[in-house]
Protein chains: 2
Amino acid sequence: MVEDDIFRALADPTRRAIFEKLAGGSMNASALRQGMAISQPAMSQHLAVLRGAGLVREARQGRFVNYDVDPEGVALIAQWLAKYRTYWPARIDALKVVLKEMDQ
Amino acid sequence: MVEDDIFRALADPTRRAIFEKLAGGSMNASALRQGMAISQPAMSQHLAVLRGAGLVREARQGRFVNYDVDPEGVALIAQWLAKYRTYWPARIDALKVVLKEMDQ
DNA sequence: GCTTCACATAAGCGTGTGCTTATCTGTTGC
DNA sequence: GCAACAGATAAGCACACGCTTATGTGAAGC
């Protein structure tokens, strides 16, 4: 199951932090490690999980490997969440703003 | 971390199935078990996890306990996802439909 | 060609997770 | 009160997960 890989990947806080960092711009594994108190193999393993879930893409550039957010993965979460849109409470203001920004 | 509980809860396929079933209408634990090949304690434990994550609410009704989707939890996922909306690819048709439905 | 560097993979280990069976709690209806 | 029922909790177990250290792979640069 695709959603299985996605949610399992996001269940780990370190992986969500990596994903969030990548959302700010593509980066290689070493750059991602900056200020993250994580070993090189651990980072490599986390990136492999994120990649397996389709949340992240890789692109070899010489001896560096550049990673960036895979829009397909994000879209899959959006599609899953869309099934439950009837339950989004209108009273949450922040969400209203988000909805407006989504409309374009 | 709130998102930690949410994504950890959704990482399990059985729990996602329960959540999806509840999205179709509130139900008690026994009704949820119908056609799910899951023991009574397992269901109880799964519901406890979903409740702990804020994805599901419970309401005692006599000796039954009625469960339903908690809109707050769904909203939290929406808010988390909103951070990555710049990565949603426009070329995915299904998503376009979803976006239109969101706009109201 | 050999060292250096970026990253991946392997193996091992402690901990968390999801299941089971057994038992407890609380409510209904006689 | 007590039997029947809905559900929660406890204890135990197999397995997955995330980390570590050690080693492998491939490109860069002299």
Side-chain angles (χ1 to χ4, degrees), chain A residues 1-22 24-70 73, chain B residues 1-22 24-70 73:
Chain A
M1 202 67 177
V2 192
E3 289 151 7
D4 223 286
D5 295 328
I6 290 178
F7 286 116
R8 215 188 292 276
L10 294 173
D12 184 73
T14 306
R15 250 162 356 229
R16 281 203 311 281
I18 294 169
F19 184 73
E20 187 140 3
K21 216 167 180 181
L22 280 177
S26 75
M27 228 179 282
N28 61 53
S30 299
L32 277 168
R33 284 222 291 145
Q34 301 289 0
M36 278 204 72
I38 190 174
S39 71
Q40 180 268 314
M43 174 58 79
S44 185
Q45 287 160 15
H46 280 310
L47 285 169
V49 172
L50 286 168
R51 205 175 95 78
L55 288 167
V56 145
R57 292 176 302 193
E58 66 173 35
R60 266 246 161 216
Q61 281 180 2
R63 61 182 163 177
F64 295 83
V65 178
N66 225 271
Y67 286 92
D68 73 324
V69 169
D70 190 338
Chain B
M1 202 68 177
V2 193
E3 290 150 5
D4 222 285
D5 294 327
I6 290 178
F7 286 116
R8 214 187 293 276
L10 293 174
D12 184 74
T14 305
R15 265 185 315 255
R16 281 203 312 281
I18 293 169
F19 183 74
E20 186 140 4
K21 216 167 179 180
L22 280 177
S26 75
M27 229 179 282
N28 60 53
S30 300
L32 277 167
R33 283 222 291 145
Q34 299 291 359
M36 276 203 73
I38 191 176
S39 72
Q40 179 269 315
M43 174 60 78
S44 184
Q45 287 160 16
H46 280 309
L47 285 170
V49 172
L50 286 168
R51 205 175 95 78
L55 289 166
V56 145
R57 293 176 301 193
E58 66 173 34
R60 267 245 160 215
Q61 281 181 1
R63 62 181 164 180
F64 294 85
V65 178
N66 224 271
Y67 286 92
D68 74 322
V69 169
D70 190 339

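Per chain, numbering begins at 1; letters A, B, ... match sequence-line order.
- Taking only side-chain nitrogens and oxygens, A:His46 never comes nearer than 4.0 Å to OP1 or OP2 of D:dC17.
- At the phosphate of C:dC7, OP1 or OP2 sits under 4.0 Å from a side-chain N or O atom of A:Asn28.
- Listed nucleotides D:dA8, C:dT20, C:dA6 differ in distance to B:Tyr67; the shortest reach to its side chain belongs to D:dA8.
- One interatomic measurement links the two molecules: CZ of A:Phe64 to C1' of C:dA8, which rounds to 16 Å at whole-angstrom precision.
- One distance of note links OH of A:Tyr67 with NZ of A:Lys21; it measures 15.0 Å at 0.5 Å rounding.
- Between A:Ala37 and B:Arg60, the residue whose closest nucleotide on DNA chain D is further toward the 5' end is B:Arg60.
- One can place CG of B:Leu32 at 11 Å from P of D:dA8, the figure rounded to the nearest angstrom.
- The distance between atom CD1 of A:Ile18 and atom C1' of D:dC19, rounded to the nearest whole Å, is 13 Å.
- Distance CD (A:Gln34) to C1' (C:dC7): 15 Å, rounded to an integer number of Å.
- Atom pair B:Arg51:CZ and D:dG7:C1' shows a separation of 13 Å (rounding to whole Å applied).
- The nucleotide whose nearest atom lies closest to any side-chain atom of A:Thr14 is, among D:dC19, C:dA6, D:dC5, D:dC19.
- Between atom CG of residue A:Leu47 and atom CD1 of residue A:Ile18 there is a gap of 5.5 Å, rounded to the nearest 0.5 Å.
- In this structure, CZ on A:Arg16 lies 5.5 Å from CD on B:Glu3, to the nearest 0.5 angstrom.
- Straight-line distance from the CZ atom of A:Arg8 to the P atom of D:dC15: 16 Å, rounded to whole Å.
- Nearest nucleotide to the A:Ala42 side chain, out of C:dA6, D:dT20, C:dA8: D:dT20.
- Rounding to the nearest 0.5 Å places CG of B:Leu22 at 11.0 Å from CZ of B:Arg57.
- If you check C:dT9, C:dT20, D:dA27 against the side chain of A:Pro41, the one that comes closest is C:dT9.
- Between A:Ser39 and the phosphate of D:dC19, there is no side-chain N or O to OP1/OP2 separation shorter than 4.0 Å.
- Proximity of a side-chain donor or acceptor of A:Arg60 to a complementary backbone N or O of A:Gly62 within less than 3.5 Å is detected.
- One atom, CE of B:Met43, and another, C1' of D:dA8, lie 14 Å apart when rounded to the nearest Å.
- For C:dC7, the OP1/OP2 oxygens have no side-chain nitrogen or oxygen of A:Ser44 closer than 4.0 Å.
- Residue side chain B:Gln40 does not reach the base of D:dA6 through any donor-acceptor N/O pair under 3.5 Å, judged by distance alone.
- In this structure, A:Val65 and A:Gln45 both approach DNA chain C, and ranking their closest nucleotides by distance from the 5' end singles out A:Val65.
- In this structure, A:Gln61 atom CD and C:dC7 atom P are separated by 11 Å, rounded to whole Å.
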Inset, instruction - Could you go through the side-chain contact (heavy atoms from CB on, under 4.5 Å) check for A:Gln34 and A:Met27 one step at a time? - result: CA-CA 11 Å; A:Gln34 301 289 0; A:Met27 228 179 282; over 6 Å; no

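- Using a 4.0 Å heavy-atom cutoff across all strands shown, B:Arg15 reaches sugar-phosphate atoms only and no base atom.
- Of all nucleotides listed (C:dA6, D:dG7, C:dG26), C:dG26 comes nearest to the side chain of B:Arg63.
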